[in-house]
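These notes concern the structure reproduced below.
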There are 2 protein chains.
Amino acid sequence: MTLKEIATIAGVSIKTASRAINGYPDISKATRERILEIARTHHYLPNNAARSLRQNRSCTIGLVVPDLTNLFFGEVGRAVHNHLKPSGYSTLISFSEGSHRMEIDALDSLVAKQVDGIILATVGSTADHVQLIREHYRIPVVVIDNILEGADTDLVLHDDMANSKRLTEHLCAQGCRSIGFISGPLAETSGAHRHEGFLQAMATLELPVHPTQVVTGDWTVQGGRRAAMELLDRCTSGLDGIITANSLMALGLYAVLRERDLRIPHDIAVASFDYLELVDALDPPLTTLSRVDSKIGLLAAQRLQYLIDNPEEKGVERTLVTAELQVRQSSVRVTLT
Amino acid sequence: MTLKEIATIAGVSIKTASRAINGYPDISKATRERILEIARTHHYLPNNAARSLRQNRSCTIGLVVPDLTNLFFGEVGRAVHNHLKPSGYSTLISFSEGSHRMEIDALDSLVAKQVDGIILATVGSTADHVQLIREHYRIPVVVIDNILEGADTDLVLHDDMANSKRLTEHLCAQGCRSIGFISGPLAETSGAHRHEGFLQAMATLELPVHPTQVVTGDWTVQGGRRAAMELLDRCTSGLDGIITANSLMALGLYAVLRERDLRIPHDIAVASFDYLELVDALDPPLTTLSRVDSKIGLLAAQRLQYLIDNPEEKGVERTLVTAELQVRQSSVRVTLT
DNA sequence: ATGAAAGCGCTAACAA
DNA sequence: TTGTTAGCGCTTTCAT
């Protein structure tokens, strides 16, 4: 069913039908009602491809994430979708699986679909390509979760340094003196910054950090498990606290500590970056940061919409999202009296 | 950059350029190479809107899920995307948030985008609308996760009855005689069937089920927590086993059992439907079914592709995906000697 | 092996 | 208030 057919049925020109469907003025109420009624009974839906072609915009935005099975990205996706849907945008999603190659493919397929804007949860190193998309194709891009070095893009990020400081100081205040750190991949700025922040905080607190106290994970439960085993094997002198760079890895750590009969927080206090709903259900509940994933999604969506609406906008914004500390039992060793 | 411009630069007709770009025959190797080279240096990407308009297909499929923060749907999304991407399809995603109204909105926006097919993780009761989409718009739909009563669609589902039986018999074999059940919403067929299967299995095992032994949850951690409290409060006689209809609710149950100092599996054995990677990290590790989410996504994607490629296909397929039992410590009460 | 021309469904300029 | 016309970028006959 096309607009033309609707027009024929209604006995009006195609343009009049278009006016009615799109809610333009310059049409009598009666005609409009009649056309809309016809459209409804015939289940007319405008052809988006034709509209996109004509208006040179698709009312679609693209979202590139490494992996939706990390709940963080699930929340981001939801927030982005919920914010942009009321403005008439659909969300095209694409996965990078954490690979540079797939990230570029994902971006290209979004560009080919003429998306009006892109939110990219980058795993890094596609800076040139992102610049191409922004400058050559003139599609605005907002990067989240990691800094894309070398690309001058809008960013929405965790305040990783501040968060590291918060977690480290907290464990220290709980009496921990030998704190281990399970980091994310250092090739990603989020991984590097959390790691860096930890080292700085430890230095400020005048706590020594032996290289064996830091092990690199890969954000996953299994990676956290492997890292935890390595950490415990290497630090024979005994740790009294461990920080994990995300909550999924904390799950792996929990499993290892249990297997080794190390009690949390008595033997080892644990605190983690980010927040997943399930940390409350762990035994003991895990000390984390407050939840900011949907906030990051929302801020990115708002910024993207602004960039779409203001194509001449040249300023680049870097937004740092701060989180609170949410103390739960996994890190409480000091009894308040 | 358009095909026409590429053609002009190459000094050929637009059709020849098209042939080169699309890999058609009837073009000399030299010409093709030259055109492709020009396209590359100019970062040419075909305009999908124009292509869609002309070919009357968008190479996009739609995926409607309640919520991506349930890892099950995250896995399904990944599997769908990974299967269809090599065939050139993009995935448009839309959320229903578990509401009937939003599910219809989500479907409509996908139809307006001229998607070539839809995978719908329904929460139910949109049967008429789905029939309209199939029959009027001729867009194939594959429904997953729940049966859409009244719509004659292709389905890919868990074998809920068999799974209930498996879990119930397992707990019984472990010596449980008074087994509680935290169900999903009974308005969803997956919830109803798991519940029904539990009752049938208990009957076959000749174990009595008092109405207080069953509490309805909502698939979430918080819902599981509430249901667990209600279950424990009501069954004062004491349960020795609990089955949860999904793993997220099991997390809520774990939290409640810990708060009440009930030990798993000693006081209460626990087993759960579905599987999330994190169950291994729980204390104790949770007995679940084997992971089938990506299998469901894959089967749905394959079926959808078949339906897209064979528009005349009239048969309706119902695929039941069976799962194995994965016994972990949460349910082991019988020591093998 | 290559080109010319028509048209997919819609919107936007301009007329009436 | 309404209609006419052109054209978005591509693919597809049909010629050559």
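Chain naming here is simple, since letters A, B, ... match the order of the sequence lines and numbering starts at 1 in each.
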Are [X] and [N] close enough that a side-chain N or O sits under 4.0 Å from OP1 or OP2?
{"X": "B:Ser18", "N": "D:dT11", "result": "yes"}
{"X": "B:Thr16", "N": "C:dA1", "result": "no"}
{"X": "A:Gln55", "N": "C:dA12", "result": "yes"}
{"X": "A:Tyr24", "N": "C:dT11", "result": "no"}
{"X": "B:Thr2", "N": "D:dG9", "result": "no"}
{"X": "A:Arg51", "N": "C:dC10", "result": "no"}
{"X": "B:Tyr44", "N": "D:dG9", "result": "no"}
{"X": "B:Ser28", "N": "C:dT2", "result": "yes"}
{"X": "B:Asn22", "N": "D:dT11", "result": "yes"}

Ignoring hydrogens and geometry, is there a side-chain-to-backbone donor-acceptor pair from [X] to [Y] under 3.5 Å?
{"X": "A:Thr189", "Y": "A:Ile147", "result": "yes"}
{"X": "B:Thr319", "Y": "B:Val156", "result": "no"}
{"X": "B:Asp116", "Y": "B:Ile61", "result": "no"}

Within this structure, what is the [atom1]-to-[atom2] distance between [X] and [N], rounded to whole angstrom?
{"X": "A:Lys113", "N": "D:dG9", "atom1": "NZ", "atom2": "P", "value": "18 Å"}
{"X": "B:Met1", "N": "D:dG9", "atom1": "CE", "atom2": "P", "value": "11 Å"}
{"X": "A:Gln114", "N": "D:dC10", "atom1": "CD", "atom2": "P", "value": "9 Å"}
{"X": "A:Lys4", "N": "C:dC10", "atom1": "NZ", "atom2": "P", "value": "11 Å"}
{"X": "B:Arg34", "N": "C:dT2", "atom1": "CZ", "atom2": "P", "value": "9 Å"}
{"X": "A:Ile35", "N": "C:dC10", "atom1": "CD1", "atom2": "P", "value": "13 Å"}
{"X": "A:Asn56", "N": "D:dC8", "atom1": "CG", "atom2": "C1'", "value": "8 Å"}
{"X": "B:Asn47", "N": "C:dG9", "atom1": "CG", "atom2": "P", "value": "17 Å"}

Nucleotide nearest [X] (side chain, heavy atoms from C-beta), chosen from [options]:
{"X": "A:Leu53", "options": "D:dT2, C:dC10, D:dC8", "result": "D:dC8"}
{"X": "B:Pro46", "options": "D:dC10, C:dA4, C:dC10", "result": "D:dC10"}
{"X": "A:Arg19", "options": "D:dC10, C:dA4, D:dG3", "result": "D:dG3"}

Worksheet item: Are A:His136 and B:Tyr44 close enough that their ring centres sit under 6.0 Å apart?
Response: no

Discussion item. Base of D:dG9, side chain of A:Arg54 - is there a donor-acceptor contact under 3.5 Å?
Written reply: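 Counting by modelled atom types and ignoring angles, no donor-acceptor contact under 3.5 Å is found here.
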
Worksheet item: Does any N or O donor sit under 3.5 Å from an N or O acceptor when you compare the side chain of B:Lys15 with the base of C:dA4?
Response: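 There is none.
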
Worksheet item: Would you call the rings of A:His43 and B:Tyr137 parallel, tilted or perpendicular if under 30° counts as parallel and over 60° as perpendicular?
Response: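 A:His43 vs B:Tyr137 ring planes: perpendicular.
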
Worksheet item: Is B:Thr31 touching bases, backbone alone, or none of the nucleic acid, heavy atoms closer than 4.0 Å?
Response: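 Answer is sugar-phosphate: B:Thr31 comes under 4.0 Å of backbone atoms only.
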
Fill in: Between CD1 on residue A:Ile296 and CG on residue A:Leu157, distance to nearest 0.5 Å
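One gets 7.5 Å once the value is rounded to the nearest 0.5 Å.
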
